[in-house]
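Here the structure comes first, spelled out in structure tokens, and everything after it is commentary.
All heavy atoms count here, side chains included; hydrogens, waters and symmetry mates do not.
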Amino acid sequence: TNPHASGIYFSLDDNKDVIINRLLGIKTGISLNRVQRKQPNEDDQRRMDLAYENLIELSNSGRLNILDASDIADMSSLEVVIRENLNNNLFVAIDGLYNIPMGKGNIRDVNIERANRLKALVDTANIPIICTGETRKRPANKRSRELTIHDIMETGKYAFNANVVWALSPENAKDFKEDEEAILKLAYEKNKFKHFTGYNKLTFIKKCGQIKE
């Protein structure tokens with residue numbers, strides 16, 4: 001929505017076709033299992049056509065670049081893509097932080113190197129990089145408690161290097177699967193930009209993948 005911003009989205013969990021369909025669902029409000037079909041309703045088809053045109057326009061103008069695992073050989077190639085597209089209004093999203101291919105080494109050393117290189121990119125290029133990361137599996141007797149910063153896999157380096165750490169979880173885990181519109185809690189587990197360390201509530205509309213404040 002910011003006409004001056006451009007973004008690179010690295011999807012390292014799903015391929016780019018899946019992400020494009022999700023973007024279409026988000027932009028149109030049409031359910032994700034219908035976006036690939038011809039719409040029986042003229043208004044829905046018009047919304048789909050406009051959403052496709054908008055995504056094509058964003059891509060052709062260099063404002064939206066979606067890449068998946070087939071485009072990224074390793075951490076170095078990810079860094080090259082970012083540096084080749086640097087500008088004052090660039091932001092980067094990496095979905096699947098732990099799936100960035102790295103060199104050989106034990107898990108701890110690999111995660112430290114990955115965290116350090118991402119931090120170096122943020123600091124030297126002066127851009128925001130937003131990543132999704134995994135959490136540790138919990139014992140059965142602790143699964144009901146809320147997520148904290150200590151649940152991040154390889155917490156030490158990622159939590160230390162990050163300027164902001166968000167923990168996203170359903171407000172009501174028990175009913176989450178059944179709720180068509182679920183309430184999510186976005187907790188600020190770390191925030192170096194402001195003193196705020198509370199949480200925001202978000203509405204997740206499952207059928208089309210929309211998240212609203």
Side-chain angles (χ1 to χ4, degrees), residues 1-87 89-102 114 117-118 121 125 127-135 153 166 168-170 176-177 179-182 184 186 202-213:
T1 58
N2 180 347
H4 306 293
S6 57
I8 304 174
Y9 186 105
F10 295 96
S11 178
L12 303 180
D13 274 333
D14 297 302
N15 66 50
K16 65 186 73 175
D17 291 335
V18 171
I19 300 304
I20 290 170
N21 285 335
R22 286 181 186 165
L23 291 175
L24 292 170
I26 290 168
K27 293 178 77 64
T28 63
I30 295 172
S31 63
L32 297 174
N33 60 6
R34 287 178 48 208
V35 293
Q36 287 183 295
R37 308 174 191 170
K38 183 174 178 60
Q39 304 303 314
N41 181 290
E42 286 188 9
D43 289 338
D44 286 350
Q45 187 60 52
R46 191 177 301 111
R47 282 154 56 203
M48 284 294 299
D49 292 342
L50 289 173
Y52 268 116
E53 290 173 10
N54 181 239
L55 291 179
I56 291 169
E57 180 184 352
L58 289 171
S59 177
N60 289 341
S61 64
R63 290 191 52 218
L64 175 64
N65 192 2
I66 302 174
L67 300 154
D68 59 24
S70 67
D71 302 303
I72 303 300
D74 51 24
M75 184 72 186
S76 295
S77 62
L78 182 144
E79 291 169 327
V80 167
V81 171
I82 292 174
R83 294 196 181 279
E84 286 180 344
N85 289 275
L86 275 181
N87 61 60
N89 297 297
L90 178 70
F91 68 92
V92 175
I94 302 174
D95 186 15
L97 170 64
Y98 296 90
N99 293 333
I100 301 174
M102 302 294 295
R114 186 187 286 116
R117 289 172 72 170
L118 286 172
L121 267 174
I127 57 171
I129 299 181
I130 304 169
C131 305
T132 64
E134 298 175 18
T135 56
M153 287 180 62
W166 286 317
L168 185 66
S169 58
F176 179 74
K177 287 185 178 180
D179 289 342
E180 292 184 7
E181 294 190 10
L184 304 179
L186 184 72
L202 308 171
T203 300
F204 176 37
I205 305 172
K206 292 182 180 179
K207 70 172 186 176
C208 56
Q210 292 178 340
I211 293 180
K212 297 182 177 181
E213 293 188 40

Specify the closest pair of heavy atoms between [X] and [Y], including all atoms of both residues, with the distance to one decimal.
{"X": "G29", "Y": "R47", "answer": "C-NH2, 4.1 Å"}
{"X": "L186", "Y": "L168", "answer": "CD1-CD1, 3.9 Å"}
{"X": "I72", "Y": "P101", "answer": "O-CG, 4.2 Å"}
{"X": "A125", "Y": "L86", "answer": "CB-CD2, 3.6 Å"}
{"X": "I94", "Y": "V92", "answer": "CG1-CG1, 4.0 Å"}
{"X": "L118", "Y": "C131", "answer": "CD1-SG, 4.3 Å"}

Any non-hydrogen side-chain atom of [X] less than 4.5 Å from a side-chain atom of [Y]?
{"X": "V80", "Y": "R83", "answer": "no"}
{"X": "T28", "Y": "D44", "answer": "no"}
{"X": "F10", "Y": "I82", "answer": "yes"}
{"X": "L121", "Y": "E79", "answer": "yes"}

| message | Under the rule for side-chain contact (heavy atoms from CB on, under 4.5 Å), what residues qualify as partners of N60, not counting sequence neighbours? | response | I56
| field | Set of side-chain contact (heavy atoms from CB on, under 4.5 Å) partners for F176, sequence neighbours left out | value | P170, A182, L184, F204, K206
[X]: what forms a side chain to side chain donor-acceptor pair (under 3.5 Å) with it, not counting sequence neighbours?
{"X": "N21", "result": "none"}
{"X": "S61", "result": "none"}
{"X": "N54", "result": "K27"}

Could you check whether any side-chain N or O of [X] sits under 3.5 Å from a backbone N or O of [Y], counting only pairs where one atom can act as donor and the other as acceptor?
{"X": "Q45", "Y": "Q39", "value": "yes"}
{"X": "R114", "Y": "I100", "value": "yes"}
{"X": "E213", "Y": "L202", "value": "no"}
{"X": "T132", "Y": "G96", "value": "yes"}

| Cationic N near anionic O, under 4.0 Å, R46 to D43 | yes
| side chain to side chain contact (heavy atoms under 4.5 Å, CB included) partner of L24, chosen from L55, L32, I30 | L55
| task | Report the distance from atom CG of D179 to atom CD1 of I205, rounding to the nearest 0.5 Å. | result | 12.5 Å
| said: Enumerate the side-chain hydrogen bond (donor to acceptor under 3.5 Å, both in side chains) contacts for residues 3-20, please, sequence neighbours excluded, ordered by first and then second residue. | reply: S6-N87, Y9-D95, D13-N99, D14-R22, K16-D71
